[in-house]
S.K.: 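Take a look at this one; I'll ask things after.
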Amino acid sequence: MYDEEHILRIEDLKVEFPISIGTVRAVNGVDLELVRGEVMGLVGESGCGKSTLGFSILRLLRPPGRISGGRIIYNGHDIVQMGQEELLALRGSKIAMIFQDPLTSLNPLFSIGEHFVETLRAHEKGISKKDALERSEKVLESLGIAGERLREYPHQMSGGMRQRIMIGLALILNPDLLIADEPTTALDVIVEAQFLDLLDDLRKQYNLTIILITHNLGNVAQLADRITVMYGGTIAEVGPAQSIFDEPLHPYTQGLLASIPNIKLDQPELKTMPGSPPDLVDPPAGCVFHPRCPYVMDICTKERPPVFARNGHRMSCWLYR
Ligand code: SF4
């Protein structure tokens with residue numbers, strides 16, 4: 001059923017990777033909705049499941065990874081149930097993704113123009129090369145890159161330009177949802193800030209909904225409307241971005257924010273969270289965060305917490321029952 005308010009609804013999603021010593025439960029019962037036009041920051045430590053969740057939305061999991069349960073409803077259609085043809089039509093033209101390292105995503109033997117023409121022709125069979133190049137030029141210029149650079153090759157571009165080209169390739173088919181997986185990892189801090197400004201402009205210009213996957217909380221502070229905090233393949237907390245920074249409620253979110261260095265505070269030592277992320281082959285019983293939680297209670301070690309709501313946030317934590 002079409003949902004006016006939400007472009008995407010994820011319900012009880014489970015993703016697993018069978019390996020020799022067992023099954024990695026990378027995403028373990030995730031529920032999440034995306035409001036049309038918002039930027040959702042998806043954050044958490046490495047291995048928390050955020051990138052796996054992003055790849056699952058486009059069914060781009062590498063074998064043996066597989067979706068083992070749940071639904072991903074995009075504009076009323078369940079992506080989990082889609083056949084290959086429907087999926088191919090969805091990828092790029094409705095939902096696009098940009099990746100961490102633009103250099104490995106671009107073919108060094110193809111000019112930038114050829115990348116755009118191939119992308120357009122994969123979805124619009126009859127389009128002429130001339131029309132494809134004209135459209136590509138417009139997109140490139142909207143990203144601040146001169147149209148004539150379509151003739152150049154990836155190695156002739158700087159890191160920031162290559163990332164903008166990846167965005168251009170993602171936008172050329174006019175998608176309404178963009179998943180950006182750690183898009184600024186390969187950029188220096190100045191280019192990174194420019195890139196986030198550009199993403200903000202494009203979101204308005206192209207009426208985009210964006211999922212920004214990052215371990216960098218500074219990035220989400222700059223761009224996101226809401227933040228989802230993941231831990232151990234589950235969602236710890238979801239809430240409005242500013243409110244998550246001002247008043248984090250889940251103990252994991254509190255620990256994550258406390259471990260960001262703050263030059264305004266007199267901090268002789270950097271705070272760190274004790275312990276390490278859970279083993280997803282054999283995750284802790286009950287709340288997956290309980291071995292590291294300073295507020296752990298008896299129930300936390302036995303029963304997985306349901307979702308509770310408070311102050312506009314939703315937390316999976318027994319403290320809020
Ligand atoms: Fe801590 Fe218990 Fe809340 Fe988990 S459910 S975060 S262990 S208080």
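We count ligands from 1, going down the list as the structure has it; atoms in each ligand are counted the same way.
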S.K.: Quick check: do Gln242 and Pro240 have side-chain heavy atoms less than 4.5 Å from each other?
M.R.: no
S.K.: Answer yes when Glu33 and Arg9 have at least one side-chain N-carboxylate O distance shorter than 4.0 Å, and no when they do not.
M.R.: no
S.K.: Quick check: are there more than 12 heavy atoms from other residues, nucleotides or ligands sitting under 6.0 Å from CZ of Arg151?
M.R.: no
S.K.: In terms of ring plane angle, is the pair Phe289 and Tyr252 parallel, tilted or perpendicular, where the classes change at 30° and 60°?
M.R.: perpendicular
S.K.: Sort by chain and number the protein N/O/S atoms found under 2.8 Å from atom 4 (Fe) of ligand 1.
M.R.: Cys287 SG
S.K.: Any donor-acceptor pair under 3.5 Å linking the side-chain atoms of Thr253 with those of Glu237?
M.R.: yes
S.K.: Taking the six-membered ring for Trp, are Phe55 and Phe99 ring centroids under 6.0 Å apart?
M.R.: yes
